[in-house]
Amino acid sequence: MEYSPSEIEPKWRKWWQENRTYQVSNEGTKPKFYILSMFPYPSGAGLHVGHPLGYIANDIVARYKRLKGFNVLNPMGYDSFGLPAEQYAIQTGIHPQIATGQNIDRYREQLDNIGLSFDWSREVRTSDPAYYRWTQWIFIQIFNHYYDLDADKALPISNLVSVFALQGNAGVKAVCDDETPVFTAAEWNARSEREQQLLLLHYRLTYPGEAYVNWCAELGSVLSNDEVKDGVSERGGYPVERKLMQQWNMRITAYADRLLAGLNEVDWPESIKDQQRNWIGRSVGASVRFAVQDHTDTNIEVFTTRVDTIYGVTFMVLAPEHELVNKLTTDAQRGEIQSYIRWAAGRSEVERMTEGKKVTGAFTGAYAINPFNDMPVPIYIADYVLAGYGTRAVMGVPSGDQRDWNFAKYFNLNITPILDAQQNMDLAADPTKEGRYINSGLIDGLTYAEAAPVLIEWLENKRIGKGKTQYKLRNAIFSRQRYWGEPVPAYWKDGVPYMIAEKDLPLVLPNVDKYLPTQTGEPPLARAQGWRYSPEGSTQTFEYELSTMPGWAGSSWYFYRYMDVHNKQAFVGPEALAYWKAVDLYIGGAEHAVGHLLYSRFWNHFLYDIGKVPEREFAKKLVNQGMIQGRSSFVYRAKERFFEQYLWIKVLQPFFAENGPIAIAEPGFEEQYKYDFAFGNNDLVIEVTSWKQTEKIEHIRRTAVADGKRLLILSTEELTEAINEPETTAEKIRQALVSRKEFIENEAKPKAEQLFVSHNLIHKYDDDALTKLHTDVNFVDGDVLDVERVRNIRQFEHANFKLDTNGKFTCSHEVEKMSKSKYNVVNPDDMVTQYGADCFRMYEMFLGPVEVSKPWDTKGITGVSGFLRKFWGLFGRNQGGLSIAEDAPNKEELRILHTCIKKVTDDVDRFSMNTCVSHFMIATNELRRLNCSKRTVLEPLVIMIMPFAPHIAEELWHLLGHDTTVCDATWPNWNEDYLKTDSVNYPIQINGKLRATIDLPSDTTAADAESAALALEQVQKWLEGKSPKKVVFVPGRMINIVV
RNA sequence: GCGGGAAUGGCGGAAUGGUAGACGCGUUGGUCUCAAACACCAAUAACUUCACGGUUGUGCGAGUUCGAGUCUCGCUUCCCGCACCA
């Protein structure tokens, strides 16, 4: 009887499907368990071995819980709206729905291939109109509600309308925009329908409004903050700029405190909770209004967390975008301010970040009055004050804040110490709160804890400020100028948005001729011919909202749809909801920490408020699976020209960084040019490149010139020449660098030659070396290839290497994220073909803890493969077939079995799948040694291994004579009595160090153990005749003798 | 800078405060074989010893304890996230 996974695995997968083994019903007497993995975006690349890690762990728990007697909901679906399908459509003209469908089929095939127990009858696809009608429905509900601060929940907007008609909005405590006008009932009633609707937009939980957004021109769309990384788009890495646009917003800020508080109710990883807390960014402080000298009608509001430092204020800074800047600027300063604003606006996010803490700013000529001491302080603008946070104005306290201190030093402003414990103000700021206040009027002599309440009370009495809590969290931009997303179910009438009737849902995505924005810059949906809305009873038609929803819309509630996927009356029916309630265990990647997981919580809180879901938090427990990384093969260009240039640059760079306002770009630096060229005040660039004709160079040239920098471009050819002929080098670089001749001749050149000694040096610069290339060919580390070998690598076929005939390349590996473009993807199908799905599943678990990221490495898989064969062998040691003994187990066999039951049960419960696999291996090895083939021992093992290796378990289960699925078996219990052994091998420590061991009966008393231990020769030797001070005996564990 | 996490053999990784290195890979030796592969058996932290044994060992330094990889305090390094947030 041979173990042949390729025969038994497909057989049982088919059988499970035919028998609907994994279909689950929404009722029953069993307790429920809802386990969920984050659904994937079905990309064109298919699954790689990293994806199933979480799914397999998920599957093990799902199957385990089922054996433990739970009714388990274990669904799967697809987050099938998204940008890649749309970009693919733009390139190929293939409708995203078709491409997405194909991708889904492929995903399904791959998922099925590893034997996951999903109930596919509950599959959801976010791009399916039957699904997104409910995404649209939820959107409409959000539109129709506002956040009431008295009730501390969302309430219907119609309530607000009634209140406005009776008493205006002065007494209403609701979350609204800062610029919401105050009106009386009479004023409200006198307004037109249109005007009333416009006012209501200030309150609705979703609303269109002008906002600075992250605009990505290359993608033709707005991105949310979490879709922007390091100033470029997360997807594609395109530049992102700030732009004022009309967009739908979600008033998530209304829920900031509840989203913060809710984190305390869920069992989620601390790092995820912290990321969310950080994103919400609650800070408690005070707002203070400063009057402005010579502008009696104006004041500036600042927010501070250190109101206690208010007597130390010596200047004020506004964001360049602050609305008062123009008004306050004096004529004398106008030129300077305007040029600063222009400069700041042209600075990209990347530049701002790269330049770090460099002080910039400009004086407006105006002065603000500190309300506490009536001192005038100069008003500056600077772009370190963010336009998007707080009041866009800060008070400068150089004695207490290092950044303010730097600013004051730079602009030569006063620094007033305010605490008696403060250190020398000439050296640095002192942000500590120690000591008692000085120079501080009202609070002189008080401590930090005493000061703030005094100041806030004074402010509130004077009505020029108050205690205030501020959040970093901003309302979420909800519009995307895309095609492949849920249409926003709104239409426009007289410039006011209305929701379409619920009976007209779903608002189906129309067909368009092209998936690009129109010539006039409108979203692709503007291309849909005759796509207009005609409300019931109206003869008119109106233009639909043309933007679509963001990727996170459909994923913010999908966990409810699984409960009741075919319901046509509601997004989830009340019975299904009452049964399943919420997700018991949610598994997914940590990369969704603030995106999906925060938005989902927000929608869930809203749905809870309107009584549509029973729990405030949708997922009680969350586990993050780690990432499985790939091993990328690299070919490094070594030696010869590129390397020489590279070394030259390495040698020159530090020198110039120290001495001159000069930056040097390296060859092949396309990816990093934005960073390399954010060089602040530098005035000269030497650029080394072989692609000076490209657009990017032009861009850099323009940037440099606009910044008033001189730019010199050396091509690679020129530099190579220069290196080959020292005189030319010196000459060329002398021209560029004026007085750097000595350095070039005497230091750089000799150093460069020293560095030449070993080409292994290049590995030192791996990270900076821009000469490494991903390959799909696996070379041994350290291999040196010649040009011909490299040309034979497929993806380099057409690459234009400027190498001499004796040019060499070295090879190496690095661990990176798995990605098609890095040629390091391992397909699970290949693993399944070679070793079987059971082996693949167990091996993924065996690699280490599920939560930990680790590189994929196939080396150890033979161990798991061998184990499965041995396990199989327990059932049929004879060639003939199954050979199972029916006699009763002996003590040793029972001990092995029950130890295994106990350990595996404990370990699945604590999500430690890797150690479970070890326990199976141990039990199998021991039973083999005993030649055990008894049904009473092996059958429970078959049940236990089912969650890990379902195919082999099902096969053996049937071979053992069962004809229903092993999935419906019962998880075995262990008996503590069987775990005991007759004797225990006790370690004997002397002063905590292991010196001997002794076998004692398991029921030995402390006194017996002590005398037995002391009787040992080895122990006596270590006692050296002394009598022990103390003997510690831990039954079943150890003996420690203290001398 | 702030927050979270990690550090254990050649490698992946085990260890409710109780014999550190389970389990697997790799390596070495052996059995089987004409041979190889597979399989099986044995050894495998380092140093030292013919051997018995001994010494040192969980990033570093202290501490608590009969006993610390595990707990406490102080560092170092690495990874992840956030970051001019007032």
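Throughout, protein chains are lettered first and strands after them, A, B, ... in sequence-line order, and every chain is numbered starting at 1. Side chains included, hydrogens not; waters and symmetry mates left out as well; all remaining heavy atoms used.
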Check whether any side-chain N or O of T309(A) sits under 3.5 Å from a backbone N or O of G312(A) as a donor-acceptor pair, and report yes or no. no
Return the orientation label for the [X] and [Y] ring planes: parallel under 30°, perpendicular over 60°, tilted otherwise.
X        : Y       : answer
W872(A)  : Y3(A)   : tilted
F867(A)  : F871(A) : tilted
F1033(A) : Y986(A) : tilted

Shortest non-hydrogen contact from V284(A) toward T305(A): O-CG2, 3.7 Å
Nearest-Å distance for atom pair [atom1]/[atom2], residues [X] and [N]:
X       : N      : atom1 : atom2 : result
D274(A) : A83(B) : CG    : P     : 14 Å
H919(A) : A15(B) : NE2   : C1'   : 11 Å
Y380(A) : C84(B) : OH    : C1'   : 18 Å
L318(A) : A86(B) : CG    : C1'   : 13 Å
D906(A) : A14(B) : CG    : P     : 16 Å
I988(A) : G18(B) : CD1   : P     : 19 Å

Rounded to whole angstrom, note down the [atom1] distance from [N] over to [M].
N      : M      : atom1 : value
U44(B) : A37(B) : C1'   : 24 Å
G3(B)  : U8(B)  : P     : 25 Å
C38(B) : C25(B) : P     : 12 Å
G53(B) : U58(B) : P     : 23 Å

Once you apply a heavy-atom cut-off of 4.0 Å, does [X] come out as touching a base, just sugar-phosphate, or nothing?
X       : answer
S271(A) : sugar-phosphate
R910(A) : sugar-phosphate
R392(A) : nothing
D404(A) : nothing

Pair assignment for RNA chain B - dot-bracket with | for other-strand partners, Watson-Crick or G-U under 3.5 Å: (((((((..(((.....[....)))((((((.......))))))((((....))))..(((((..]....))))))))))))....
Ignoring backbone atoms, establish whether [X] has a side-chain N or O less than 4.0 Å from OP1 or OP2 of [N].
X       : N      : result
N925(A) : C23(B) : no
Y384(A) : A86(B) : no
R928(A) : C40(B) : yes
R403(A) : C85(B) : yes

Do S271(A) and D274(A) meet the criterion of a side-chain donor-acceptor pair at a distance under 3.5 Å? no
Glycosidic conformation of G26(B), taking syn as within 90° of 0 and anti otherwise: anti
Return whichever of E270(A) or S283(A) has its heavy-atom-nearest nucleotide of RNA chain B closer to the 5' end. E270(A)
RNA chain B-proximal residues of residues 839-859 of chain A, any heavy atom under 4.0 Å: F846(A), L847(A), P849(A), K859(A)
Can you list everything that forms a side-chain hydrogen bond (donor to acceptor under 3.5 Å, both in side chains) with Y448(A)? Sequence neighbours excluded, please. none
For K433(A), check side-chain hydrogen bond (donor to acceptor under 3.5 Å, both in side chains) against everything at least two apart and list the hits. none
Close aromatic pair by centroid cut-off 6.0 Å: Y380(A) and F407(A): yes
Among G24(B), C40(B), A22(B), the one nearest any side-chain atom of I922(A) is A22(B)
Quick one: which of V394(A), L413(A), I379(A), N414(A) gives a side-chain contact (heavy atoms from CB on, under 4.5 Å) with F315(A)? L413(A)
Measure the spacing between CE of M944(A) and NZ of K903(A) and express it to the nearest 0.5 Å. 13.0 Å
Charged N to carboxylate O below 4.0 Å: is that the case for R282(A) and D257(A)? yes
E1017(A) CD: over 12 foreign heavy atoms closer than 6.0 Å: no
With the sugar-phosphate defined as primed atoms, P, OP1 and OP2, and the base as all remaining atoms, what B/S/- string results for nucleotides 63-72 of chain B, 5' to 3', for protein heavy atoms under 4.0 Å? ---BS-----
Would you mind building the protein contact string for nucleotides 42-58 of chain B? One character per nucleotide, 5' to 3', B for base within reach (heavy atoms under 4.0 Å), S for sugar-phosphate only, - for untouched. ------------SSS--
